[in-house]
Asks: 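Have a look at this one before I ask anything.
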Amino acid sequence: MSAVDRLRAALVQAAVAVGAPADVAPALERPRDPSHGDWATNLAMTLAKPLGRKPREVADALVGALDLAAAGVAEASVAGPGFLNFRLATGDLAAGLARILEAGEGWGRADAPVGRTVVVEFVSANPTGPLHVGHGRQAALGDAISALLTAQGWDVTREFYYNDAGVQIANLARSVQARLRERAGLPLEIPEGGYHGAYIAEIAERYAAEYPTDARGDELEAVRAVAVRELRKEQDLDLRAFGVRFDVYYLESSLYTDGRVERTVADLVAAGHTFEDDGALFLRTTAFGDDKDRVMRKRDGTFTYFVPDVAYHVTKFERGFTRAVNVQGADHHGTTARVRAGLQALGVGIPAGYPEYVLHQMVTVMRGGEEVKISKRAGSYVTVRDLIDEVGRDAVRYFFLMRKGDSQLVFDVDLARAQSEENPVYYIQMAHARLSGIFRVGEVDPSRVTGDGVVWAALDTPEERELVKALLDWPTLVAGAADALEPHRVANWLLETARLVHTWYHKHHVLGEAPTVLAARLALAKAARITLANGLALLGISAPERM
RNA sequence: GCGCCAGUAGCUCAGUUGGAUAGAGCAACAGCCUUCUAAGCUGUGGGUCGGGGGUUCGAUUCCCUCCUGGCGCGCCA
């Protein structure tokens, strides 16, 4: 049992003794101000009303009834409006580090698998151009969320949905065709809704090399195939540069070829939630929380994009994913209600909140104090590759993950690059490198540092106590971040903890200290190194041994 | 007009799900390198938590209402 659990159990006993119901669940938290102690609870304040007594009075009674030894508490006091503050003996507090040393890479991971699978869909870019900054934010978010869920014991599948059917692909093919005709000496006529980036001309060049007999691109289907293939390859390179891998690439076109789109419409009609109006087929999504009914089949007989969307999510459920998380830009938020409504209308037992959405706000890129909108290669937007090339993968990942998805993000390239020495990500990595340096310089094999025989009470400086507490809180932090699908909590926690490491490192020496202190501090250094490395790994950021 | 998200230090943003004296980075200023990495440490200044109500022991956090900004509201995808 961990130190908190012991304390909680003892508090329940004390609470019941003063008249609280047996199912009382005291909330324990770290006081903001360390001088208040190691743990605090507002239990007395929450009990005051039901017990009909003043908060401070209840607090005094609780302290009186608390078995300090059983709680593992060295000192309990009442403060402020009725907070109970607890201080642990340093030895009891720091002994928790032994668990970190044992767990190693498993520190912060759930002990047991959840036994369920979850599909995390992200990026899902149209294969019509290189990935842009928005995709970058999404890639960082989706990958980190996947890692968080994996750490919590979920069986995670990372999935990329290719919108390779429909108008935009036709426009892509005709855009490449236009470039081919330009090469053949004809006037350049990029079609309405076509693509203007330099990469279109590159694809045309490759097509011409591959099909010398069709230099003008008259075989539109062949042009389309080459364009999609080349852009998928291109996006794959972008993702590889960013260190993101997918388990499944799901093609929208397959939903048409395997009849799923037709079947979904038939199933919805059979479910009785459709109606015809003015020659079009509607789904009554308003019956399931949408704000207006949606057209499924247009008057011209073709389907709206909404139908394959529903069909696709049905496959997720049918493939055994009882949970689905979609990471998308906030500009898609209008579609969430209708997709869920479509799934509900089918009445096949898909949960109401399926899929879950993590929507992120837009990214604006600033350089030289001005918004950057144009990338030469892409023609109209800044690409992921532009950013990685300019500031490096670790920094890009961190910048995208340090903010809540709900916040609009300003990515200041000058800042990320020019301040590369004052960059938060380097600050965290530096803490890891410094800790690694202790073992390297001291010629101590970290694998031989265990908790055995360590006198934990030797870690009794304020800096050490704070660092120990932060490290011990790591699993709770990870669990909370995973639960909320919010990787930025990890990013901010790492920054705070790196600060504690730097402060401790600067103030206290390890090598050359007396044996008892040396052993304890080596154990602390190793525990901190493990925790930082595990945190960086969750965010997909490297943990260098030296910098 | 309706819906979603945001509004916190000069700038960019956190704020542990309602707690104690609201924080970090950058920017500004002043110090610290014969000792495991100075990509570091220490200190100083900087706030009407958009405005106004409400809920309660207690609100940056929850509710209502206004203001401002972003996004979305098609038989486009």
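By convention in this document, chain letters (A, B, ...) are assigned in the order of the sequence lines, proteins followed by strands, and residues within each chain are numbered from 1.
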Asks: With sequence neighbours excluded, what pairs up with A/Phe439 under the ring pair (Phe, Tyr, Trp, His ring centres under 6.0 Å) test?
Replies: none
Asks: Tell me the salt bridge (charged side-chain N to carboxylate O under 4.0 Å, His left out) pairs involving residues 39-54 of chain A, sequence neighbours left out?
Replies: A/Arg53-A/Glu57
Asks: Between the protein and nucleotides 28-30 of chain B, which nitrogen or oxygen pairs come in under 3.5 angstrom?
Replies:
none

Asks: Taking OP1 and OP2 of B/U37, is either one under 4.0 Å from a side-chain nitrogen or oxygen of A/Tyr427?
Replies: no
Asks: Distances for protein N/O vs nucleotides 68-73 of chain B N/O pairs under 3.5 angstrom?
Replies:
from, atom 1, to, atom 2, distance (Å)
B/C73, O2', A/Lys292, NZ, 3.2

Asks: Under 4.0 Å between any heavy atoms, over every strand shown, what does A/His360 touch: base, sugar-phosphate, or nothing? Just pick one.
Replies: nothing
Asks: For A/Phe400, give me all partners under ring pair (Phe, Tyr, Trp, His ring centres under 6.0 Å), at least two apart in sequence or on another chain.
Replies: A/Phe411
Asks: Is A/Arg465 salt-bridged to A/Asp38, going by a charged N under 4.0 Å from an acidic O?
Replies: yes
Asks: Please determine if A/Arg397 and A/Asp394 form a salt bridge, counting it only when a charged side-chain N lies under 4.0 Å from a carboxylate O.
Replies: no
Asks: Taking salt bridge (charged side-chain N to carboxylate O under 4.0 Å, His left out) as the cut-off, I'd like each qualifying pair that reaches into residues 28-37 of chain A, sequence neighbours left out, listed once.
Replies: A/Arg30-A/Asp473
Asks: Quick one: classify the glycosidic conformation of B/U17 as syn or anti, with syn meaning within 90° of 0.
Replies: syn
Asks: Which ones in residues 122-137 of chain A lie close to RNA chain B, meaning a heavy atom under 4.0 Å from one of its atoms?
Replies: none
Asks: May I ask you to list the residues of residues 470-487 of chain A, by number, that have any heavy atom positioned under 4.0 Å from an atom of RNA chain B?
Replies: A/Ala484
Asks: Please list residues of residues 435-443 of chain A whose heavy atoms come under 4.0 Å from any atom in RNA chain B, ordered by number; otherwise none.
Replies: A/Gly437, A/Ile438, A/Arg440, A/Val441
Asks: Measure the distance from CD on A/Glu29 to P on B/G18 and round it to the nearest whole Å.
Replies: 11 Å
Asks: Pairs counted as Watson-Crick or G-U wobble with both distances under 3.5 Å: what dot-bracket string results for RNA chain B, using | for bases tied to another strand?
Replies: (((((((..((((.....[...)))).(((((.......))))).....(((((..]....))))))))))))....
Asks: Can you sort out the partners of A/His273 under ring pair (Phe, Tyr, Trp, His ring centres under 6.0 Å), two or more places apart, ordered by chain and number?
Replies: A/Phe288
Asks: Check the chi torsion on B/C62 and let me know: syn if it falls within 90° of 0, anti if not.
Replies: anti
Asks: When we call it a touch if two heavy atoms are under 4.0 Å apart, what does A/Asp290 touch: a base, just sugar-phosphate, or nothing?
Replies: nothing
Asks: Give me each pair satisfying side chain to side chain donor-acceptor pair (under 3.5 Å) with a member in residues 513-525 of chain A, each pair once, sequence neighbours excluded.
Replies: A/Glu464-A/Arg521
Asks: Report the distance from atom CG of A/Asn171 to atom C1' of B/A77, rounded to the nearest whole Å.
Replies: 10 Å
